[in-house]
Amino acid sequence: MKNVITIFGLGFVGLTTGLGFAEKGNKVFGYDIDKKRNENIAKGNIPFMEPMLDKILKKNLNNNFVVTNNPQNCVKESDFIFICVGTPFSDDGSANLDYVFNAIDEVLTGFEDDKKRVIVVKSTVPPSTTKTKLIPYINEKYDFNYRNLLIANNPEFLREGKCWNDFINPDRIICGVEDIKAKNMLEDLYKNFEAPFLGVTFNTAEFIKYLSNSLLATMISFSNEMSIIADLTGDINIKESFNILHMDKRWDNCNMKSYVYPGCGYGGYCLPKDTKSMFYHSKNLGYEPKILENVININENMSKYMSDKIISFIEPKDKIAILGLSFKPESDDVRESPAAKIIECLSCEGYTNIIAYDPIAIDQFQKCYEYDYVQYCDNLNETCKEADCLVVVTAWEEFGKINSKYCSKKLFDLRYFL
Ligand SMILES: NC(=O)c1ccc[n+]([C@@H]2O[C@H](COP(=O)([O-])OP(=O)(O)OC[C@H]3O[C@@H](n4cnc5c(N)ncnc54)[C@H](O)[C@@H]3O)[C@@H](O)[C@H]2O)c1
């Protein structure tokens with residue numbers, strides 16, 4: 001049977017989820033509070049760079065996938081309401097749940113009837129949020145006990161740049177469900193996915209997401225700390241050392257290898273905020289997590305370490321080319337981008353003669369960061385020719401030949417990739 005689903009939030013997670021369920025034959029309504037984003041998607045345009053989504057949107061638009069400006073009407077028809085809004089960090093590092101509460105308010109003002117519906121929180125929220133915050137909020141404000149409303153959480157593990165493939169071919173589907181009806185409905189919704197369906201408690205589902213992201217961040221910070229020790233020791237080929245480490249057969253066929261590799265720090269939307277939010281969550285429980293604290297500190301110090309290293313080899317008048325602005329290749333996401341942090345560290349020391357290049361993320365970067373001293377160039381060769389010193393911040397494949405082409409220039413490969 002075709003399920004009817006409304007998605008709140010059409011970002012990386014919400015749009016991919018909506019299109020994924022539409023592709024699987026469900027009827028999906030998508031809604032984003034950002035009117036421009038809604039309009040663009042309704043015209044068939046994906047608001048960010050993400051392989052495959054374009055094609056899937058065109059195929060399903062106004063058929064199985066409909067963009068709506070009136071989510072309340074769609075909620076009335078829906079069996080599932082997926083909350084996929086952002087959960088950015090607050091100033092103290094805790095997860096800001098305002099967008100989740102606002103979305104829940106929008107959902108719950110939508111109907112009066114007793115149809116059975118599941119509200120599924122897909123946004124990443126700290127362990128115990130559903131139990132100690134969302135359910136009490138809904139009970140108190142909306143008399144939840146008297147409605148046929150079910151609640152579940154369903155953390156998402158997709159990676160930007162691989163959203164479609166990761167959503168449609170998940171390793172496992174984890175649902176926090178404490179009600180057999182919600183569990184059965186979700187298991188049925190996911191029955192066409194070839195992955196184990198794991199129904200666990202609310203807290204367990206929320207915890208697994210943080211467990212995963214905290215581990216990934218830890219592996220990266222561990223590698224970065226090791227690379228600093230190697231760098232300070234001198235005469236150590238860091239790239240070679242990590243590649244030889246990975247030749248141990250215990251790493252065979254392990255996709256996690258790329259996380260045990262040094263660079264200039266993790267960025268993007270998830271790892272920075274999820275590690276901070278887990279740290280804050282633990283501190284609130286009375287336990288100060290030592291490893292997480294250092295994972296976060298090492299990451300925050302990487303841009304300073306790298307910019308100090310660059311500065312020690314150049315003069316303030318030298319032109320520095322920042323190559324790569326997105327937080328990782330194949331993506332135009334510049335949130336918490338290491339490039340921005342390195343530019344800021346350089347400028348603090350008076351090194352503002354900067355030219356920047358990225359194959360796809362220049363527009364997003366300029367929208368997010370206002371550096372009037374940075375010149376942007378949309379051509380890699382022109383950027384490199386103009387600069388005295390080349391700094392590779394994102395491991396875009398097209399940077400692969402710059403060391404042989406511009407061997408007379410000072411080169412800093414902050415990703416150990418060349
Ligand atoms: N980006 C990832 O790789 C990734 C992976 C797994 C999990 N997550 C988690 O999923 C959640 C969403 O992440 P994202 O990257 O898709 O975020 P995003 O910023 O790309 O998208 C969130 C969208 O929600 C919209 N929104 C905010 N309030 C709304 C409301 N009341 N109603 C409707 N729309 C609303 C925003 O306008 C925005 O377009 C976060 O909690 C994140 O931690 C993200």
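Any value given below was found using the heavy atoms of this structure, including those in side chains, with hydrogens, waters and symmetry copies removed. Just so you know, ligand 1 is whichever comes first in the structure, and atom 1 is the first atom listed for that ligand.
- A distance limit of 4.0 angstrom between heavy atoms and ligand 1 selects the residues F8, G9, G11, F12, V13, Y31, D32, I33, D34, R37, C84, V85, G86, T87, Y99, A103, E106, S123, T124, E156, L158, E160, K209, Y269, C270, K273, R335.
- Between the side chains of S94 and D92, at least one donor-acceptor pair of N or O atoms lies under 3.5 Å.
- A cation-pi arrangement, defined by a distance under 6.0 Å to the six-membered ring centre and an angle within 45 degrees of its axis, is absent between K131 and F202.
- Judged by a 6.0 Å distance limit and a 45° cone about the ring axis, K133 is not positioned over the six-membered ring of Y137.
- Taking all atoms of both residues into account, the shortest heavy-atom contact from E336 to G268 is CB-O, 3.4 Å.
- Between the side chains of N64 and E23, no donor N or O sits under 3.5 Å from an acceptor N or O.
- Side-chain contact of N224 with Y305: a donor-acceptor pair under 3.5 Å is absent, judged by distance alone.
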